[in-house]
2 protein chains.
Amino acid sequence: MKLSKKTDYALRVLFTLVEHYGRGPIPIRELARRNEVPKRFLEHIMLEMKARGWVDSTPGKRGGYTLAKSPDKIMMGEVVRHFDGVLAPIGCVSVTHYQPCSQSSVCRFRPFLLNIRNEIARQMDQASLAGVFSDSLRPSPETPQNPSADGCET
Amino acid sequence: MKLSKKTDYALRVLFTLVEHYGRGPIPIRELARRNEVPKRFLEHIMLEMKARGWVDSTPGKRGGYTLAKSPDKIMMGEVVRHFDGVLAPIGCVSVTHYQPCSQSSVCRFRPFLLNIRNEIARQMDQASLAGVFSDSLRPSPETPQNPSADGCET
DNA sequence: TAAATATACGATAGAATTGGTCGTATATTT
DNA sequence: AAATATACGACCAATTCTATCGTATATTTA
Ligand code: SF4
Ligand code: SF4
């Protein structure tokens, strides 16, 4: 589950909108500037998000984008899944994009991958933008700059 | 953390070698056939795995490949990380391939992604080939063909 | 009502990654 | 010496990713 830049961009903007929720639209130019996203590229991203019903747009002089629904009604999993297509590490353990594999009956590591998928999916689908946002406010016990290995690596 | 086909192929072959551990080499032709991996492609994969010290090769008439170390000394994380480069869903929360992001100080969802990374890394680095293999033998409580959603999706 | 400013959207394109083939060299066993 | 195995670099096609451009259209404000 590698996050594409597109997904990253989308999330940056969404959280900007969450932060500004209820205080009117923000023009795309501003969204692009604050989040360091190429503006013309962001247009497409916003289009998709509007189609999904996550954001609303108002054209005209003081127009821009606004969050279309309450931040606790949009799940991280939805967003990632929309832009990256799939959460699962491999097709054979994906629900939304399940792809059969002729080896699956003899495969020794599919159950292991399924576990990981389940864990990722659980975390992704339980986390709303609102939840992730508010969690990020209180200085968590551990959010190192460079996430130095705690026994593991990545 | 999307598994590339290369990684998938590598794991298939590794588990074949695990299953055959201690019973002599298996020629690459056989490894390719049993695991449905293009033979010429597999050559490169085996080369890399030999360089990493996971497998050994013996040329000649009754040669082939064999596991170079005990199956409980090779971790899933090592393999995936080698072929896919990185476990983390995004560079800014990666340990081995950490990549700074100018937004990280104001980013609202990096902590969330870090959590996911930690969970994936933990599972990957704690699981040895031997462990995954033996787990796959006892019919686990749940390993559905198509992993139908248990509240989550993929 | 005209100007300014906003979104809408398809076409296109460069770069990077992925997945794989081919030719050939070399080592070992029988 | 023949047969069979691995070793390895070059090469390539397809896909995906990331992004830009031109232009159309809708709305507000002066
Ligand atoms: S080999 Fe195992 S893990 Fe890879 S795709 Fe087939 S079933 Fe899934
Ligand atoms: S925006 Fe947040 S998540 Fe995306 S790369 Fe920068 S820090 Fe990491």
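Throughout, protein chains are lettered first and strands after them, A, B, ... in sequence-line order, and every chain is numbered starting at 1.
- Ile45(A) places its CD1 atom 16 Å from the P atom of dC9(C), with the value rounded to the nearest Å.
- Side chain of His97(A) to main chain of Gly85(A): a donor-acceptor pair is present (N/O by atom type, distance under 3.5 Å, no hydrogens or angles).
- One can place CG of Leu42(B) at 15 Å from C1' of dC8(D), the figure rounded to the nearest angstrom.
- In the hydrophobic clustering of this structure, Ile28(A) groups with Tyr21(A); members are Ile, Leu, Val, Met, Phe, Trp, Tyr whose side-chain heavy atoms approach within less than 4.5 Å, directly or through other members.
- Here Tyr9(A) lies in heavy-atom contact (under 4.0 Å) with sugar-phosphate atoms only.
- Here the side chain of Asp56(A) pairs no donor or acceptor atom with the backbone of Leu67(A) at under 3.5 angstrom.
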Report all interatomic pairs (protein N or O, nucleotide N or O of nucleotides 12-18 of chain C) with separations under 3.5 Å.
none

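- Atom pair Phe41(B):CZ and dC11(D):P shows a separation of 19 Å (rounding to whole Å applied).
- Distance alone, capped at 3.5 Å, places no donor-acceptor pair between the Arg117(A) side chain and the Pro89(A) backbone.
- In this structure a side-chain-to-backbone donor-acceptor pair under 3.5 Å is missing from Gln126(A) to Gln123(A).
- For Arg23(A) (side chain) and Glu19(A) (main-chain N/O), a donor-acceptor pair under 3.5 Å exists by modelled atom type.
- Straight-line distance from the CD atom of Glu48(A) to the P atom of dT7(C): 16 Å, rounded to whole Å.
- Following rounding to the nearest Å, Ile26(A) (CD1) and dT7(C) (P) show an atom-to-atom distance of 11 Å.
- Counting only distance, with no hydrogens or angles, the side chain of Gln103(B) and the backbone of Arg34(A) share a donor-acceptor pair below 3.5 Å.
- The backbone N or O of Ile90(A) sits nowhere less than 3.5 Å from a side-chain atom of Ser94(A) that would complete a donor-acceptor pair.
- Every stem involving DNA chain C, taken as at least 3 paired positions in a row under the Watson-Crick or G-U wobble test at 3.5 Å, is listed here: C:1-30 with D:1-30.
- Checked by atom type and distance alone, the side chain of Asp125(A) never pairs as donor or acceptor with a backbone atom of Met75(A) at under 3.5 Å.
- Distance check, rounded to the nearest 0.5 Å: OG of Ser57(B) to CE of Met46(B) gives 8.5 Å.
- In this structure, the side chain of Ser70(B) does not engage the main chain of Lys73(B) through any donor-acceptor pair within 3.5 Å.
- Straight-line distance from the CG atom of Leu31(B) to the P atom of dT4(D): 18 Å, rounded to whole Å.
- If you measure from atom CZ of Arg29(B) to atom C1' of dA3(D), you get 12 Å, rounded to the nearest angstrom.
- Rounded to an integer number of Å, the gap from Phe83(A) CZ to dT16(D) C1' is 16 Å.
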Protein-proximity profile, nucleotides 21-28 of chain D, B/S/- by nucleotide at the 4.0 Å heavy-atom cutoff, equals BBB---BS
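- Not one side-chain nitrogen or oxygen of Lys50(B) sits closer than 4.0 Å to the OP1 or OP2 atom of dT6(D).
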